[in-house]
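Notes follow once the structure below has been shown.
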Amino acid sequence: MRVLGVDPGLTRCGVGVVDGVAGRPLTMRGVGVVRTPADADLGHRLVAIEQGIEEWLDQHQPEVLAVERVFSQHNVRTVMGTAQASAVAMLCAARRGIPVALHTPSEVKAAVTGSGRADKAQVGAMVTRLLRLDAPPKPADAADALALAICHIWRAPAQNRLQQAVAQNRLQQATARHAQQLQRPGPAQQLQRPGPAQQLQRARPTQQTQRAQQAQQAPKGRTP
């Protein structure tokens with residue numbers, strides 16, 4: 001599996017490509033940062049991020065895009081920029097039909113270091129060790145992107161099994177509901193009870209019926 005990890009950001013958007021499967025040694029295929037000037041217009045910065053990610057997609061042809069899930073921070077401006085860069089990355093992947101997986105920072109740290117509270121130095125050290133690199137990737141955004149790719153490769157089998165179990169459970173529930181509906185009689189098979197007007201009409205014969213009954217019961221006159 002080839003995964004492109006994206007650590008979204010407006011000024012520095014980390015990108016890293018990792019090959020491998022869970023339980024086997026992983027290989028780094030590329031790492032870098034897409035940069036945009038802080039004083040540039042927001043629209044131009046987003047276009048630059050899109051162009052940079054498109055170049056990485058063209059060059060490495062990943063099967064999955066792993067993006068850091070944006071979470072609430074005290075700095076609202078930073079959150080907005082991160083969310084915008086994340087949306088651009090997901091847009092680029094969706095346009096090509098590439099699946100996108102979102103992972104929280106805690107999930108990535110726990111997958112790579114074993115602790116969801118690890119700092120950036122610990123994450124960089126473990127990325128260096130897992131990918132057999134000579135030194136930690138710089139800046140930290142690049143190391144975080146590789147950590148995202150590693151996290152997805154290791155978590156993907158468990159996530160796939162969970163998704164399959166959920167899908168199977170939904171299918172079983174839908175099949176059970178369908179069977180119950182087949183057992184219930186349809187509207188045409190159900191006997192319609194007469195309404196109050198019909199019951200009254202059945203209980204009280206019409207005037208014509210009463211006259212006919214009286215004529216039959218009256219004594220017949222003698223024939224002259």
Practice task
State the NE2-CZ distance between His103 and Arg155, to the nearest 0.5 angstrom.
Solution key: 6.5 Å
Exercise for the section: Could you walk me through whether Met80 and Gln84 pass side chain to side chain contact (heavy atoms under 4.5 Å, CB included), step by step? Expected result: CA-CA 6 Å; Met80 290 296 297; Gln84 290 163 346; 4.2 Å; yes
Practice task
Return each pair, listed once, that meets salt bridge (Lys or Arg N to Asp or Glu O under 4.0 Å) where at least one residue sits in residues 81-106; pairs must be two or more places apart or across chains.
Solution key: Glu50-Arg95, Glu54-Arg95, Glu54-Arg96, Asp58-Arg96
Exercise for the section: Please name the pair of heavy atoms, one in Gly32 and one in Ala142, separated by the smallest distance, quoted to 0.1 Å. Expected result: O-CB, 3.9 Å
Practice task
Tell me, please, which residues at least two apart from Pro105 pass side-chain contact (heavy atoms from CB on, under 4.5 Å).
Solution key: Glu68, Phe71
Exercise for the section: Could you note down all residue pairs passing salt bridge (Lys or Arg N to Asp or Glu O under 4.0 Å) where residues 11-36 supplies at least one of them, sequence neighbours left out? Expected result: Arg2-Asp19, Arg12-Asp141, Asp19-Arg29
Exercise for the section: Search all heavy atoms of Gly9 against all heavy atoms of Ala85 and return the closest pair with its distance. Expected result: N-CB, 3.5 Å
Problem - Residue pair Leu148 / Gly5: nearest heavy atoms and the distance that separates them - result: CB-CA, 4.3 Å
Handout entry: Where at least one partner belongs to residues 109-129, residue pairs that pass salt bridge (Lys or Arg N to Asp or Glu O under 4.0 Å), sequence neighbours excluded
Key = Lys120-Asp144
Fill in the blank from the handout: Between the CG atom in Leu10 and the OG1 atom in Thr78, the distance rounded to the nearest 0.5 Å is 9.5 Å
Exercise for the section: Would you check if Pro25 and Arg132 make a side-chain contact, meaning some heavy-atom pair closer than 4.5 Å? Expected result: yes
Problem - Counterpart residues, side-chain hydrogen bond (donor to acceptor under 3.5 Å, both in side chains), relative to Thr36 (two or more places apart) - result: Arg45
Handout entry: With sequence neighbours excluded, residues passing ring-ring contact (aromatic ring centres under 6.0 Å, His included) with His44
Key = none
Completion exercise
When every non-hydrogen atom of Gly124 is compared with those of Thr128, the smallest separation belongs to O-OG1, 2.8 Å
Problem - Ile49-Leu42 co-clustered via ILVMFWY side chain contacts under 4.5 Å - result: yes
Handout entry: Heavy-atom closest pair, residues Gly16 and Leu146
Key = CA-CD2, 3.6 Å
Practice task
Give a yes or no on whether Ile53 and Val33 share a hydrophobic cluster (residues Ile, Leu, Val, Met, Phe, Trp, Tyr; joining criterion: side-chain heavy atoms under 4.5 Å apart).
Solution key: no
Exercise for the section: Show your working on side chain to side chain contact (heavy atoms under 4.5 Å, CB included) between Val108 and Val123 and close with a plain yes or no. Expected result: CA-CA 9 Å; Val108 176; Val123 173; 5.6 Å; no
Practice task
For Ser86 and Thr82, indicate whether the former's side chain and the latter's backbone hold a donor-acceptor pair under 3.5 Å.
Solution key: no
Practice task
Verify side chain to side chain contact (heavy atoms under 4.5 Å, CB included) between Met28 and Val127, making sure each step is shown before the conclusion.
Solution key: CA-CA 10 Å; Met28 184 190 74; Val127 168; over 6 Å; no
Exercise for the section: Measure the spacing between CG of Leu130 and OG1 of Thr27 and express it to the nearest 0.5 Å. Expected result: 11.5 Å
Exercise for the section: Would you give the length of the straight line joining atom OG of Ser106 to atom CZ of Arg69, rounded to the nearest 0.5 angstrom? Expected result: 12.0 Å
Handout entry: Residue pair Val6, Val67: steps toward the side chain to side chain contact (heavy atoms under 4.5 Å, CB included) verdict
Key = CA-CA 5 Å; Val6 178; Val67 184; 4.3 Å; yes
Problem - Side-chain touch Ile150/Leu131, heavy atoms, less than 4.5 angstrom - result: yes
Completion exercise
dist His178:NE2 -> Gln183:CD (nearest 0.5 Å) comes out at 11.0 Å
Fill in the blank from the handout: Minimal heavy-atom distance between Ile98 and Pro62, with the atoms involved, is CD1-O, 3.9 Å
